[in-house]
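This one's a predicted model, so the numbers in the text were calculated from it and none came from an experiment.
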Amino acid sequence: MVTKRIIIGTLIGAVVAGLAAAGTAVAGEPQPWQMNLMPAQSPVMERVHEFHNLLLVIQVGIVLLVLGLLGYIIFRFNAKRNPVPSRTSHNTLLEVIWTAVPVVILVIIAIPGLRLLYFHDRAHEYDFTVKVTGHQWYWSYTYPDHGDFTFTSIMVPDDELQEGQPRLLAVDNPVVVPVGTNVQILVVSDDVIHAWAVPSLGVKVDATPGRVNERWLHVHEEGTYYGMCSELCGINHAFMPIQLEAVSPEAFEAWVEETREEWASRQNAPGVRVAAGDGGADVR
Amino acid sequence: MNQGTRTKSTKTALILAGVVAGMVGLSFASVPLYDLFCRVTGYGGTPRTGPVAEMPEASDHTIAVRFDANVNSALPWQFRPVQREVRVRAGEEHLVHYEVVNVSDEPLVGTAVYSVTPFMSAPYFNKIQCFCFVEQRLEPGESMSMPVVFFVDPEIANDRDAREVTQITLSYTFHPAKQERRIGTGRTTEPISVAATAAGRDENQTTSN
Amino acid sequence: MAYGVAAGHDEHAHHPTGWRRWVNSTNHKDIGTMYIVLALIAALIGGIMSWMIRGELAQPGVTFIDNYQFYNVLVTAHGFIMVFFVVMPALIGGFGNWFVPLMIGAPDMAFPRMNNISLWLTTAGFVLLLIAAFVGAGPGTGWTVYPPLSSATFHPDAAVDFAILSLHVAGAGSILGAINFITTILNMRAPGMTLHRMPLFVWSILVTAFLLLLALPVLAGGLTMLLTDRNFGTTFFEVAGGGDPVLWQHLFWFFGHPEVYIIVLPAFGIISQIVSTFSRKPVFGYLGMAYAMVAIGFVGFIVWAHHMYTTGLGVDTRAYFTLATLIIAVPTGIKIFSWLATMWGGSIELKAPMLYAIGFIFLFVVGGVTGVALANAGIDFAMHDTYYVVAHFHYVMAIAAIFAMFGGYLYWIGKMSGKQYNEPLAKAQFWVFFVGVNVLFFPQHFLGLAGMPRRIPDYPDAFVGWNMVSSVGALITMIGTLMFFYLIWHTFRYGKTAEANPWGEGATTLEWTVPSPAPFHTHEQLPVIGPTGQPRAGSGAVSPAE
C-alpha cells in the first residue's frame, strides 16, 4: 500500500508540478463563499453561463416584481388605509395579460434553452475515447485508444493529503486529457447508479448499469478540474471525487506511456476495494 | 345520507376503485410496453435485433462502429472486442468478434447485455445475430469467441439528428447469470453460434476491471 | 332529521366516549384531528432528523455522525416522513377531513368507516417506516429508492422491505381517502352548492384526490416489482436478468411528480381561503383559479422525466419534457397573480394566517423561478443532484406546504378547538420562522451552483461558509418550530373562546356559519346555497347545539 502510494504520488507530482507552473491549477476548484456557477472551461459550460445569466435576470425580475407588488399592496390596501374593500373579482383583460406574458417569457427562455440542449448533445468527431466506470466507491478510467489500459482513481484520505490537495476532491490517480481535443466520454457502472460530474466543464452524466452514456468533452485550458459523484450510491457516496487534469498534448503522451506501463504490470484484480475515507467502514 | 345519495356514492366509489385497479394494471403493463417501446424507438440505446426480412441497399454513408466490452466485477472473466473499430458503409453486413475468457478456477455462467450510443443512432443499428441474453457457461480457463453480425440502416442518412453521427459505439457487459428471468418481458433470445476454444489465455489488456 | 347522519351509522348519533371515540371514530372532525396530531408527531421526528442533518453539515469533517449509512438513513427517513406522514396527513387528512364536509354542507364524509381505515393505515405506515430505520443498517437509499442501490445486493437487510411496506400501507390509506373525498365532493354537496360555487380549498382537495387516485397505484405497482426483485428473484429492474433500473425511475417519477402537486395543491386551496378572508374580498378570477389547479394536476402527469435528465434520455425526449415542464409556469403564474389581484383593492388585515399566506406567495415564487431554470434540460445538468435542487424543492413545496399548514392551523384553530390563538405570539412566531427558513435555504442555491452534491455527510472545505449560514438558519427555524408548539399549548391553555366567525365579513365559507368549536354533528339540516356561494337566510346551516 505504501509503495503504491509513493509511486502514485510521484506520478501525480510530475503532472501537477507541470500544471502548477502554468498557474491555472485551481481554476476548476470551488472557492469559499462562491455564489455562482464554476468558471467555464469548456464550450458547453460557456453556453451554460450565458443561458444562466439570462435566466438569472428573469428570475430576479419576477421575484422583485412580485415582492414589489406585495409591498405596495400591503402598504396601499391595508385595512387602515382602505377600510372599504372593492368587490372586483374579474377583469378579463388582466387575466389574459397574466396568462400571455408568462407564455412570452417562457418562449424567450425555451428558445436558447433548447438550442443549448441540442448543442450539448450534438454528435462530434472524437479524437479518442475515455471510458469512465463507477464503482462503490471510486472511479476507474479506461483508455481504449491508447493501449486499452485501465486504472483506478481513489480519493486521497484526509491523513494522506499533500500540500495543495483539496480535501474530498483530490484522488490518487487523476484522469488526464489533452487540452483542445474532442474526447468522447463513455460512462458505465459496475454496481449501483453513480454520476460522473465535473462542474467547471459542464459535464454530469449518470453511470447506470446496463447502459452506456456518452458525453462530449473539450477542455480549453490546462488545469485541474474537480467534481464529485452526483447520485446517491451508498455509504461512501461523498468520497468518490473526480479529479481531471487537462494537460498539453505532449505531456499527455508522456503520461499515457508512463501510466500504461505502470498499470499493465498490475493485476486488474476484479473488485479493487476502497480504503475508504474516514467513517466509511463496512465496504460491501 | 339518504338512500339515493348512498347508492350514488357506492357507484362513484366502485368506479374510482376501478380506476385504481386500472392504474395498477397499467404500471405492470408498463414493463413489457417500455421494453417494446425501447426496441421500436431505440430508446435508451436499444438497437434493433434479430434477422431482417430484406437487407437494404448499401449506401455511401460511412460510419465508424466501435466496440466496447465490460465485465461486472462479480464475474472473474476477461472480455474484449477482437477489433476495436471498423468503418462500415451503411447497409453493409459485418461480422465482428468478441473474446471472453474465464480466468477463475471454477466454471461460471454469465449473460451479456448491450446498448448502443449515441442513442439517436440506436434505431438504425441492426444486430442480426449476437450472443446477448443467452447464458454462457465457461469452464475454468476456457475462452470463447463470440460473433456479432450487424449492419447500419442507410436510413440514418435521412434522420435530422442521427445523420451527423460519425461514430457509433456498441457496448456489451457480462453479468453473472441470474437464475430467474424477468416475467412478462418481450425480449427475444437470439440464436448463437459459438466457436469455443479450450485454450486458456492470459490476456491482461482487456477492459475487465 | 331529513338529512342527518348517514343511515346505518345512527349509533354514532350520540357521542361515543373515552378511547372508543377516537380509535373507532367515524366522525370526520375527530379523524381530522387525529390526522393533525399524527402530522405533528411525525413533524417533530422528521424535524429532529433535519436538524441532525444540518448539525452534521454545520462544519466539514465528522461533526457528530460518524456512521454514514446512518446519515443516509436520516436523509431517506426525513424525506419519507415529511412527504407521506407530515404534509399529506396534515393538509389532506387533517384540514381536508375537517373542512371539506363543513364547506360543502355535508354532514360527514361519504364513507365514514373507510375514513377511519385510511387514518389507521396511514398511522401503521408511519410505524412501519420507523421500524425500518431500526432494522439492520436501515434504508439508506434516499426517498427515491433507486435500484440497484435499493436491491437485495446492496441493501440486504429487511430495512428496505419495511420501507416499501410502509409506503404500500400508507399509499393504500391515501387511495381510500382519495376515493372518499371524490365521492363526498361529487355526491354530498348541499343543494345549490354547485361545483363552480365550491370554495377553492374544496376544489384543491378534489384535484388532489384525483392525482392520488392516478399516481399512487403506479407507485404501488413499482414498489411491488421492487419487493419481488428483492425477495422472489424477479428481475424487473435488474440488468443481469434483462431488466432496466431506469424503468424504476420512470415509474417512480410518474408517481413522484404528481406527488409534488399532491402536496402543494391543498396548500394553494388554503392560501386562497386565507387571502380572500383577510382581504375581505372574494377570490379574484375564481374560475381561472379552479381550472389552473386542474391544469397543474393534468400537466403534472406528463412531465415526470424532468427528474431524469442525466440518466441518458434521448435529446428529443429531453426537449419535450423541457417544454412540457415550462408550461406549468403558466397556471402557477395565474395563481400567483390572482392572489395578488385578490389582495389588490382589498381591506387587508395582517393577522398571522395572512402573514403566512403572504410568506407562502413569496416562497412559492422564489421556488418557482428556480424551477424554471431546472426545467431546462440544457442547464439542468449543471444543477441536477446539487443543493440548488434541495433549495428549489424546499422553497416550492416543503416550506411552502409548511407555511400553508401553519397558516391553515392558525386560520382554523378557533373553529376546531373553540379557542383562539394569541395574535402577538403567532406573529412573532411567523417572523422567526420566516427568517429561519430563508437563512436556511437561500444559501443552498449558492452551494448548488458551486457544485455541492446532495445527500453527502461531508463536503470540500470551500463549501464551509454557506453551509454554516444554512445551519444557523436551521437553528432559527428550530426555535420557530418550538415557538409553534408552544403556541399550540398556549392556545389550549390560555386561548380566548373563539366566536363562530372570528374573521368578520371576509370569512364567507360555510364553516364560519357553525359555532366554534364545530359541534360533533354539523349540517344535519341542509343549508341551501345561494348564487354568492353563501347560505340563504333561514336555511339550516347551523346544526342545533346538542
Margin query: Report which part of C:Asp316 has an atom under 4.5 Å of a heavy atom belonging to chain B: side chain, backbone, both, or neither.
Written below: side chain

Notebook entry, point to check: Roughly how far, to the nearest 0.5 Å, is the CG atom of B:Leu14 from the CD1 atom of C:Ile179?
Noted result: 9.0 Å

Notebook entry, point to check: For atom OH of C:Tyr320, is the number of surrounding heavy atoms from other residues, nucleotides or ligands below 6.0 Å larger than 12?
Noted result: yes

Notebook entry, point to check: Taking all non-hydrogen atoms of both residues, which atom of C:Gly312 and which atom of B:Phe119 are closest, and how far apart?
Noted result: O-CE1, 2.9 Å

Item checked: Portion of C:Leu313 that has a non-hydrogen atom of chain B nearer than 4.5 angstrom -> both

Note to self: To the nearest 0.5 Å, what is the distance between CG on C:Leu176 and CG on B:Leu16?
What the structure shows: 11.0 Å

Notebook entry, point to check: What distance separates C:Asp244 CG from B:Thr46 OG1, expressed to the nearest 0.5 Å?
Noted result: 7.5 Å

Notebook entry, point to check: Of all heavy-atom pairs between C:Ala110 and B:Ser9, which one has the smallest distance, and what is that distance?
Noted result: CB-OG, 4.2 Å

Next item on the list: Anything under 30° is parallel, anything over 60° is perpendicular, the rest tilted; go ahead and classify B:Tyr34 against C:His250.
Entry: tilted

Note to self: Which residue is it: C:Leu219, C:Leu216, C:Leu213, C:Val218? I am looking for the one with a side chain to side chain contact (heavy atoms under 4.5 Å, CB included) to B:Met23.
What the structure shows: C:Val218

Next item on the list: Below 4.5 Å from any heavy atom of chain C, which atoms of B:Val19 appear? Answer side chain, backbone, both or neither.
Entry: side chain

Note to self: On a heavy-atom basis, which atom in C:Asn187 and which in B:Thr5 lie closest, and how many Å separate them?
What the structure shows: O-CG2, 3.5 Å

Checklist line | Top of C:Thr317, C:Thr228, C:Leu186 for chain B proximity - count of heavy-atom pairs under 4.5 angstrom | finding: C:Thr317

Margin query: Nearest 0.5 Å, please: how far is CZ in C:Phe236 from CG in B:Asp35?
Written below: 12.0 Å

Next item on the list: Provide the closest heavy-atom pair for B:Ser27 versus C:Gly221 in the form atom of the first, atom of the second, distance.
Entry: OG-CA, 3.3 Å

Notebook entry, point to check: Where on C:Phe255 is there a heavy atom nearer than 4.5 Å to chain B: the side chain, the backbone, both, or neither?
Noted result: neither

Margin query: Please report the interatomic distance CD1(B:Ile15) to OG1(C:Thr183), rounded to the nearest 0.5 Å.
Written below: 9.5 Å

